[in-house]
Amino acid sequence: MRLYNTLTRRLEELPPPPGPIRMYFCGPTVYQRAHIGNARPFVLGMWLRAWLRERGYEAILVHNITDVNDKIYEAAPNESAALAERATAWYVEDTGDLGLGMPDAMPKATESIPSIVRFIEDLIEGEFAYAVQGDVYFRVARDPGYGRLSGQRPDQVEEQEPNPLKEDPRDFALWKANKPGEDTSWDAPWGRGRPGWHIECSAMAEDAFGPAFEIHGGGLDLVFPHHENELAQSNALGHEFARIWTQNGMLQFGGEKMSKSLGNDVSIRNVLDTWGREVVLLFFMTAHWRKPIDFTDDTLAQTKAQVEGFRNVFRSPSEPGGDWAAFEAALDDDFNTPEALALLHGWRDHELLRRGLELFGLGSLAEQKKASSALYDLAQKREDARRGGNFAEADRLRDEIDRAGWVVRDTPGGWSLVEKP
RNA sequence: GGCGCCUUGGCCGAGUGGUUAGGCAGCGGCCUGCAAAGCCGCGCACGCCGGUUCGACUCCGGCAGGCGCCUCCA
């Protein structure tokens, strides 16, 4: 199996099974209901884990929660902890409802403070970081390779609002001194405060996996500065950190990236309620994970039609045939789900198709709901009316069944009832 | 100013130096009392301009348009 590695800008072969393949994916900052764009790395991580296991790997997925952060303080001054806790529960609930299972661990920043503090201490000791007035900053000038992940040239990075505490405008915060309105803080050798954004991931990933692991994931918008800084911090301590960096493309909405900051976000909850989990999952399958994907009603409607198409395969007799090897090859080649999906569309073999769909959490498409006996009676009455030539009555009964959410289908072998799409 | 990515038929979306992607929608037909589902047939696409080549959608260069990032973002 091979995957595109942002760090080397090429496709790279994974070590042969059984691995292990340890994966760390960046999760959301929790201060409101997560949007559907946030679901993309979650879904990708769960699918990759499932696929790697299918291929005989020991695969482990750790997906973190950022539960201390400026955004949370802004959203709930003096009550950020309560908000973060609530929003974490939402996230777990919403991603759980995708029906893909859950990551092997979901560490929270606030529960990883000792590791974070130790990490910063080591960086200071090595003079890769410095404390000033309760803040601690990473000394970017100490890292000659800074920018190797994102391709940024440190001398060209746009200057931010000047921060007189920094030795160099490119330096980034590892620890921020406690400020008014910030209700969460921890003691540290440099004073009471809380971790900066990037250090938590270095600490949590290494807590889970040690100084080196196979795959790091997250959104493409995290490449710089977040992932760049994670790499810099860990490399500064001589740790290899992640070998393969996978960043998923952004979910677009109305021609822009969907994001909480832009206010154009649609929650996972909302999409789940409107379209159902199968449509959401199939929607993500239609685009390659590295490419942007447009969230539009038209696209979702097309996806829904595909969902029905798969259901109908299972409502028809199974026919042997289907190239599993080609399916494997597509997924082994940079996890090309659109190509794998195209193959699935050609399969009529129930067992094989179900096996393929199950890998993506879509095994439910193979399951049929049974109509109530009352509906069966109506359908039989309609059949009787039809046979008697009373088509007006037959159509009336069909409408009644339709209103109950079911569709009557006449086949050569007799009528059947299927759930209305 | 810097870094990176993208541009395929009505829509979504793979892929390849010369050979059918696939799906959705649409049109025609079969089937049906009418439908639904299914089946059969139909589109000959690769942003623009150059170059390399016997031949480019595929390689190279330029241009145009779009997207992401530059220390809050999945």
Side-chain angles (χ1 to χ4, degrees), chain A residues 6 9 25-29 31 34-45 63 66 69-74 138 140 147 150-161 163 166 169-173 196-198 217-226 228-229 247-252 255-262 265 282-283 285-288 290-294 296 298-306 308-309 311-313 315-316 330 336-346 386-387 389-392 394-395 398 402 407-412 416 418 420-421:
Chain A
T6 308
R9 298 184 203 291
F25 273 59
C26 285
T29 299
Y31 62 95
H35 63 74
I36 189 68
N38 291 304
R40 176 113 101 144
F42 178 92
V43 168
L44 177 64
H63 194 252
T66 297
N69 171 300
D70 289 331
K71 281 282 176 193
I72 311 173
Y73 292 132
E74 277 169 33
F138 186 86
V140 169
S150 61
Q152 291 290 328
R153 300 219 313 269
D155 55 310
Q156 289 292 342
V157 169
E158 199 172 70
E159 287 210 14
Q160 300 306 298
E161 318 145 35
N163 178 344
K166 290 184 182 177
R170 301 166 301 170
D171 292 350
F172 56 88
W197 177 34
H198 317 298
L220 191 59
D221 54 351
L222 299 185
V223 176
F224 192 87
H226 189 236
E228 188 74 61
N229 290 351
Q247 279 100 8
N248 61 270
M250 294 293 97
L251 189 84
Q252 308 279 128
E256 287 184 304
K257 175 177 84 163
M258 180 179 286
S259 80
K260 288 178 268 204
S261 328
L262 289 170
D265 56 313
L282 207 61
F283 169 71
M285 267 189 97
T286 59
H288 185 99
R290 277 193 280 123
K291 286 208 167 184
I293 183 169
D294 269 308
T296 68
D298 188 47
T299 309
L300 274 282
Q302 284 188 22
T303 308
K304 187 176 176 175
Q306 290 191 45
E308 272 314 293
R311 280 219 171 82
N312 284 328
V313 172
R315 289 164 177 154
S316 309
N336 192 335
T337 57
E339 196 173 355
L341 180 60
L343 290 162
L344 292 178
H345 274 296
R386 279 182 72 218
R387 292 212 177 276
N390 189 352
F391 298 122
D395 290 348
R398 182 164 61 192
D402 179 88
V407 178
V408 195
R409 285 183 184 169
D410 296 325
T411 68
S416 69
V418 302
K420 209 166 125 180

Separation of the [atom1] atoms in [N] and [M], to the nearest angstrom:
N	M	atom1	value
rC60(B)	rC12(B)	C1'	30 Å
rG47(B)	rU16(B)	P	16 Å
rC57(B)	rA14(B)	C1'	13 Å
rU53(B)	rG1(B)	P	36 Å
rG10(B)	rC44(B)	P	11 Å
rC69(B)	rC63(B)	P	24 Å
rC59(B)	rC3(B)	P	22 Å
rC40(B)	rG33(B)	C1'	23 Å

Gln152(A) and Phe224(A): which non-hydrogen atoms are nearest, and at how many Å? CG-CD1, 3.5 Å
Nearest heavy-atom pair of Pro169(A) and Lys166(A): which atoms, and what distance? O-NZ, 3.7 Å
Residues at least two apart in sequence or cross-chain that pass side-chain contact (heavy atoms from CB on, under 4.5 Å) with Arg387(A), listed by chain then number, are Glu383(A)
Results of side-chain contact (heavy atoms from CB on, under 4.5 Å) for Leu220(A) - residues two or more places apart only: Val223(A), Gln247(A), Met250(A)
Are any of Thr29(A)'s side-chain N or O atoms less than 4.0 Å away from OP1 or OP2 of rA74(B)? yes
At less than 4.0 Å, is any side-chain N or O atom of Asn336(A) found next to OP1 or OP2 of rG15(B)? Yes or no. yes
Name the nucleic acid region contacted by [X], choosing base, sugar-phosphate or nothing; use a 4.0 angstrom heavy-atom cut-off, strictly under.
X	answer
His288(A)	sugar-phosphate
Gly37(A)	base
Gly147(A)	nothing
Asp395(A)	base
Pro41(A)	base
Asn229(A)	base

Among rA25(B), rA74(B), rC12(B), the one nearest Pro28(A) by side-chain distance: rA74(B)
Taking the minimum atom-to-atom distance to the side chain of Pro338(A), which one of rC24(B), rA74(B), rG13(B) wins? rG13(B)
State, with a plain yes or no, whether a side-chain heavy atom of [X] is found less than 4.5 Å away from one of [Y].
X	Y	answer
Arg409(A)	Arg315(A)	yes
Ile293(A)	Arg40(A)	yes
Leu341(A)	His345(A)	yes

Over how many whole Å does the gap from [X] atom [atom1] to [N] atom [atom2] extend?
X	N	atom1	atom2	value
Arg290(A)	rU7(B)	CZ	P	11 Å
Leu282(A)	rC12(B)	CG	C1'	11 Å
Leu300(A)	rG23(B)	CG	P	20 Å
Lys291(A)	rG15(B)	NZ	P	7 Å
Phe224(A)	rC3(B)	CZ	P	13 Å
Glu339(A)	rG13(B)	CD	P	15 Å
Met258(A)	rA74(B)	CE	P	13 Å
Gln306(A)	rC11(B)	CD	P	17 Å

When you match Ala173(A) and Gly151(A) each to their closest nucleotide on RNA chain B, which lands nearer the 5' end? Gly151(A)
Nearest nucleotide by nearest heavy atom, which residue falls closer to the 5' end of RNA chain B, Gln302(A) or Asp171(A)? Gln302(A)
For [X], all residues meeting ring-ring contact (aromatic ring centres under 6.0 Å, His included), sequence neighbours excluded:
X	result
Phe25(A)	none
His226(A)	Trp197(A), His198(A)
Tyr31(A)	none

Sequence neighbours excluded, which residues qualify as salt bridge (Lys or Arg N to Asp or Glu O under 4.0 Å) partners of [X]?
X	answer
Asp265(A)	none
Lys291(A)	none
Asp294(A)	none
Asp298(A)	none

In dot-bracket form, 5' to 3', how is RNA chain B paired? Count Watson-Crick and G-U wobble pairs only if both distances fall under 3.5 Å, and write | where the partner sits on another strand. (((((((..(((.....[...))).(((((.......)))))....(((((..]....))))))))))))....
Detail all sub-3.5 Å separations between protein N/O atoms and N/O atoms belonging to nucleotides 65-68 of chain B.
from    : atom 1 : to        : atom 2 : distance (Å)
rC67(B) : O2'    : Gln252(A) : OE1    : 3.2
rG68(B) : OP1    : Lys257(A) : N      : 3.0

What does nucleotides 35-41 of chain B look like as a protein-contact string, B for base, S for sugar-phosphate only, - for none, at under 4.0 angstrom between heavy atoms? BBSSS--
